[in-house]
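I have placed the structure first, in the form of structure tokens, so that the comments after it can refer back to it.
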2 protein chains.
Amino acid sequence: MLISHPDRRTALKALHRERILGAAQALVDERGGPQFSVDELAARADVARRTVFNHFASLDEILLTLCDRALDVLIEDFLLEVRSAEIGDGSRGCVFDEIVKTIQSADLPLAITSATRLLGGSEAPDARRRALGDAVFARAAERLLLEVARRYPEADPLESELTVATLISGVSVIAKHWAALPGDRLDAAGRAEWQRLLATLTDHARAGYLPTT
Amino acid sequence: MLISHPDRRTALKALHRERILGAAQALVDERGGPQFSVDELAARADVARRTVFNHFASLDEILLTLCDRALDVLIEDFLLEVRSAEIGDGSRGCVFDEIVKTIQSADLPLAITSATRLLGGSEAPDARRRALGDAVFARAAERLLLEVARRYPEADPLESELTVATLISGVSVIAKHWAALPGDRLDAAGRAEWQRLLATLTDHARAGYLPTT
DNA sequence: GACACTAGGTGCATCGATGCACCAAGTGCA
DNA sequence: TGCACTTGGTGCATCGATGCACCTAGTGTC
């Protein structure tokens, strides 16, 4: 039935939006990627074609919303991890270590696999996929940054932002490499490779923080 | 899904109407009569209260529509019976006999029981129930008259109408008596009583057609 | 290159559902 | 009796879905 809303209009509007998103997710799941037309989506969602564009500016926006959805669960877990950690002294190294620890504990392989499929895997145009993928990571970075700022109000905002951006963009890079591995990357071997790539990233970034001796 | 219609708007409108009718029927079935409010009906149909009145002028109209529904199947069987009979000579007596035969073959006890429940049985105000019940019979008469006119184009329209009206109003009268019988009238005894009342009606009416000797 | 077709997307008018306020009638209670 | 409340119903404005026409870009074919 209808979600709790002040009135039926609002509820129906939300329901229609939800149906569009649900239909898109179902079609992606069935086809292994965004291989469907607006007409198919509208029919599956049981709305008029024009209605799809009443809710979303483009098909890409729908896919991005779905990526956000997939990411939401992960980021919530992520932030729970961050929030349950002891608050450090807010130094640059401490913030760095904290973010690294939570990145390591997050099931990023699963999230990347899911997002890759949503965005078309190896079948979509590279430029489009890259742009969408970048948007996904940008959103993750924003959220993480908000949390860091909340936890370390005395930390230099610019330094925090640079730290977060460095790590998230690094994650974006290794995600691309990891996603290019052949076969089922969600098995033990694939996950081990992910950890190896992640260690490379963190070592590389951490080396940038150590005082030169 | 949606019924076949020229466009979604038309289809959605029809769907909403159907949902209202379906909800009303369900509520009548659950409560043994029309004991429900507009608010309950709208909620059950998952439409706004105002929408109920966009489709129907009143609650009575909804109930009448449902009676029509119940009657439709019966009347279709009825008319099939009429249509499969040999066409007579169109004389007054022949038309009369034909209508009587089809009335006898129709499962009117079941239809009357169903309509009685829809209209509230012994619980609704008598005036209201009577008016609605009369409307039901009026509609049945109209339809039967159209069929008679089709089969006997040379028959006097006024005579046909009088014959049909006489019989249908007679059915209305005996239905009232039959419905007032205590207990389960759909058993063998109840149906036998119906046939007895029907015989009384037809004998009575037929006596009016025989030449005086 | 020209043309036809397809698909994503846009503008705008129309429609039916909805929200809201109100009315009249009926009911129950002090 | 008077008042408050409930219920069926009505008028009217608003909203979001829909229909339709159109645009642009891309693709395929001759």
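Order of the sequence lines sets the chain letters (A, B, ...), proteins ahead of strands, with each chain counted from 1.
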Rounded distance in Å - [atom1] ([X]) to [atom2] ([N]):
| X | N | atom1 | atom2 | answer |
| --- | --- | --- | --- | --- |
| A:Leu41 | C:dA7 | CG | P | 14 Å |
| A:Leu63 | C:dG8 | CG | P | 11 Å |
| B:Asp39 | C:dT18 | CG | P | 14 Å |
| B:Gln35 | D:dT7 | CD | P | 14 Å |
| B:Glu40 | D:dT6 | CD | P | 14 Å |
| B:Leu59 | D:dT10 | CG | C1' | 14 Å |
| B:His16 | D:dT18 | NE2 | C1' | 13 Å |
| B:Lys13 | C:dT18 | NZ | P | 14 Å |

**Study point:** Closest listed nucleotide, where the reference is the side chain of A:Phe53 and the choices are C:dG8, D:dA17, C:dT18
**Key:**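 Given the options C:dG8, D:dA17, C:dT18, the side chain of A:Phe53 is closest to C:dG8.
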
Exercise for review: Salt-bridge test for A:Arg17 and A:Glu61: reply yes if a basic N is under 4.0 Å from a carboxylate O, no otherwise.
Suggested key: no

With a 4.0 Å cutoff (strictly under), does any side-chain N or O of [X] reach OP1 or OP2 of [N]?
| X | N | value |
| --- | --- | --- |
| B:Ser58 | D:dG8 | no |
| B:His55 | C:dG16 | no |
| A:Thr51 | D:dT18 | yes |

Residues that [X] engages under side-chain hydrogen bond (donor to acceptor under 3.5 Å, both in side chains), provided they are two or more places apart:
| X | result |
| --- | --- |
| B:Arg49 | B:Asp39 |
| B:Glu30 | B:Arg44 |
| A:Arg9 | none |

Study note, to complete from the structure: In 5'-to-3' order, the base (B), backbone-only (S) or no-contact (-) status of each nucleotide in nucleotides 19-28 of chain C, using a 4.0 angstrom heavy-atom cut-off, is BB--------

Practice item. Scan A:Phe56 against the nucleic acid and name what it touches under 4.0 Å (heavy atoms): base, sugar-phosphate only, or nothing. Key: nothing

Exercise for review: For A:Phe36 and for B:Asn54, locate the closest nucleotide of DNA chain C by heavy-atom distance; then report the residue assigned to the nucleotide nearer the 5' terminus.
Suggested key: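 Per heavy-atom nearest nucleotide, the more 5' residue is A:Phe36.
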
Check your understanding: For the side chain of B:Ser169 and the backbone of B:Ala165, is there at least one donor-acceptor N/O pair under 3.5 Å apart?
Key ->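 Yes: the side chain of B:Ser169 pairs with the backbone of B:Ala165.
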
**Study point:** Pairing residues for B:Arg150 by the salt bridge (charged side-chain N to carboxylate O under 4.0 Å, His left out) criterion, not counting sequence neighbours
**Key:** B:Glu147

Review point. Which pairs count as ring pair (Phe, Tyr, Trp, His ring centres under 6.0 Å) when at least one residue sits in residues 14-45 of chain B, sequence neighbours excluded?
Key: none

